[in-house]
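A short worksheet on the structure shown next.
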Amino acid sequence: MSSKIKSLKYNGKWDFSPSIESIENLSIQKEYELFINGKFQKPFAKKYFPSINPSNEQKLSRIAKAEFKDVDLAVNSARDAFNGQWGKISGKDRAKYIYRIARIIQEKSKELAIVETLDGGKPIRESRDIDIPLAAAHFFYYAGWADKLKYAFPNRTPKPLGVVGQIIPWNFPLMMAAWKIAPALATGNTVVLKPAESTSITALLLAEIIKEAELPQGVVNIITGDGSTGNIIVNHPDVNKIAFTGSTEVGKSIMESISGTNKRSTMELGGKAANIIFEDAPLDQAVEGVINGIYFNQGHVCCAGSRLFIQESVYDVVLRKLKDRMQSLVVGNPLDKNTDIGAVNSKQQLSTINKYINIGVKEGADIFQLNCELPNSGYWCPPTLFTNVSQSHSIAKEEIFGPVLAVQTFRTTQEVINKANNTPYGLSAGVWTDKGSKAFNLATKLKAGVIWANTYNKFDPTSPFGGYKESGHGREGGLHGLSPYLNLE
Ligand code: NAP
Ligand code: MG
């Protein structure tokens, strides 16, 4: 350990020598094709788009763009697989394939973590310790359900829906693919999945894993492209369900497109979570929870605790601790194991974040930012905190999806419940208190799908996740994550 420390002087933060994850044995292909019917295939129109590393703007690969004919082929392959072998095998046999996928993800976890970090910009610590293990855990968990559906739904006859179209965002690329594919397979459906344009590579590595697991051809098809490709999946007449994770705006447009059809849907959309610190909370842990909730992963988390409510009596001390802790955050090369805050995922996302920071200042809030050196190339935003914020400020109302925290105060429990619920979103919330009764009281009154008590951003495949109001409908994870993929007769 001591060899890694350049200087033992503590000057706001420990000065660690870089500890860069090696990419020597990593091979990222120059070009990735579409995974349709068990094979990698070139797109009919031969169009491709670049995938870049957002921490240095270097091109990593070029990715096939699927258009109508490609999507149609993928949907037809999924339909043939559903009507053929996959529709006939037992739950126990489906489980074997899903377990295989989980095990291969574990075997390749190092490579997957590095690619996730290169393609998406998140720190290697996050990819290695959170994204990839949770992706494997999700497949393990749902493999366990595949032959037990009749116990999950006693006195009902669970039947798969057919072909499901799945569209995912860029913040947890492999983990989101696992959240979508694992329950769909466990329940006997077949899949056409589209990852986000800026983070397609780990989904394509998952396609390789699926091939290696010898899943029957056509059961999972992974096709890449932009929003227009997603739109074609949504409107394909032979798709039985759309499972979407992404912005509320696109979610609403998908709901409009499928209204009047008998397509089923689950929507996991945006959020503006409240993280609430009561005066009786363990304040140091609470501050760590705030840092974890909004700054790690660059605030690119739908359930990010982007609104912090501090009880007035402890406001000064919490704010001081929070600013001190912010000063110790390490921003920089995502491949460095010491890095806390990596790169923002894309140029477009950085300009959205900067737009909101400027609005926050213009609307009169007080800004505090970590004073740190940012790399010369790539997309970077230092951890940012706003105080003197009111409920009407845009930074307190709108989803920013970046490392920007809006701090407000409260005096009474009722006041903070009103303030926390004063949002069109309802995905998650955090409560920090020494009193179990207070945590339970708030859990029943806060309108959010997930409420963490004395912790934040904890995920587990056995636990359902999903939103209220404009944060979407349907649940992913746990037993609850099975029924959206089933007709229960
Ligand atoms: P987005 O723009 O809505 O994109 C999500 C996915 O939809 C991407 O694959 C995107 O493709 C595709 N897409 C875009 N337009 C489409 C259209 N008209 N029809 C069909 N598909 C379309 O969201 P994002 O900016 O990538 O992700 C951030 C958002 O996701 C945030 O609002 C965040 O809160 C939300 N999110 C929610 C959860 C949750 O569980 N509730 C989890 C993670 C993220 P391209 O990438 O190629 O544009
Ligand atoms: Mg990329």
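Heavy atoms only: backbone and side chains are in, while hydrogens, waters and symmetry mates are out. Atoms within each ligand, like the ligands themselves, are counted from 1 in listed order. A quick note: this is a predicted structure, and the numbers were derived from the prediction, not measured. For reference, positions follow the sequence shown, starting with 1.
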Query raised in the report: If we only count N/O pairs under 3.5 Å, is I254 in contact with ligand 1?
Result: no

Query raised in the report: Would you say L118 reaches the Mg ion (ligand 2) with an N/O/S atom under 2.8 Å?
Result: no

Report summary line: Among C302, G270, S253, G271, the residue with a heavy atom nearest to atom 36 (N) of ligand 1 is C302

Query raised in the report: In terms of atom number and element, which parts of ligand 1 are under 4.0 angstrom from non-hydrogen atoms of N231?
Result: 19 (N), 20 (C)

Query raised in the report: Are N231 and N235 close enough that a side-chain donor and a side-chain acceptor fall under 3.5 Å?
Result: yes

Query raised in the report: Given atoms OD1 of D119 and O of S198, what angle do they subtend at the Mg ion (ligand 2), to the nearest 10 degrees?
Result: 90°

Query - Close approach of S198 to ligand 1, heavy atoms, under 4.0 angstrom - result: no

Query raised in the report: In terms of atom number and element, which parts of ligand 1 are under 4.0 angstrom from non-hydrogen atoms of F465?
Result: 40 (O)

Requested in this report: Count the heavy atoms belonging to other residues, nucleotides or ligands that lie under 6.0 Å from CG of L374, then report whether that count exceeds 12.
Outcome: yes

Query raised in the report: Considering only heavy atoms, which of K194, E399, E476 lies nearest to atom 31 (C) of ligand 1?
Result: E399

Report summary line: Counting from 1 in the order shown, the ligand 1 atoms closer than 4.0 Å to a non-hydrogen atom of D226 are 11 (O), 47 (O)

Report task. Taking only heavy atoms of P195 into account, list the atoms of ligand 1 that are under 4.0 Å away from them. Result -> 9 (O)

Report task. Answer yes or no for K122 and F172: cation-pi contact, defined as NZ/CZ to six-membered ring centre under 6.0 Å and angle to ring axis within 45°. Result -> yes

Query raised in the report: Do any nitrogen or oxygen atoms of G230 lie less than 3.5 angstrom from nitrogen or oxygen atoms of ligand 1?
Result: no

Query raised in the report: Numbering the atoms of ligand 1 from 1, which are under 4.0 Å from a heavy atom of N171?
Result: 43 (C), 44 (C)

**Report entry** Candidate with minimal heavy-atom separation from atom 30 (O) of ligand 1, of G246, S471, G251
**Finding:** G246

Report task. Quick one: sort the W179 and H138 rings into parallel, tilted or perpendicular, breaks at 30° and 60°. Result -> parallel

Query - Parallel, tilted or perpendicular, as decided by the 30° and 60° cut-offs, for the rings of H236 and F68 - result: parallel

Query - Under 4.0 Å to a heavy atom of G225 - the qualifying atoms of ligand 1, by number - result: 47 (O)

Report summary line: Heavy-atom proximity to atom 48 (O) of ligand 1 ranks first, among M267, E249, Q348, E197, for E197

Requested in this report: Within a distance under 4.0 Å of any heavy atom of V250, pick out the atoms of ligand 1 and give their elements.
Outcome: 3 (O), 15 (N), 16 (C), 17 (C), 22 (C)

Query raised in the report: Between S51 and D119, is any side-chain donor less than 3.5 angstrom from a side-chain acceptor?
Result: yes

Query raised in the report: Short N/O distance, under 3.5 Å, between I168 and ligand 1?
Result: yes

Query raised in the report: What atoms of ligand 1 come within less than 4.0 Å of a heavy atom belonging to S247?
Result: 1 (P), 2 (O), 3 (O), 23 (O), 29 (C), 30 (O), 32 (O)

Requested in this report: May I ask whether F244 has any heavy atom positioned less than 4.0 angstrom from an atom of ligand 1?
Outcome: yes

Query raised in the report: Within 45° of the axis and under 6.0 Å from the centre of the six-membered ring of F49, does NZ or CZ of K65 qualify?
Result: no

Report task. On the 0 to 90° scale, with breaks at 30° and 60°, tag the H300-F401 ring pair as parallel, tilted or perpendicular. Result -> parallel

Query raised in the report: N/O to N/O below 3.5 Å, does that happen between W179 and ligand 1?
Result: no

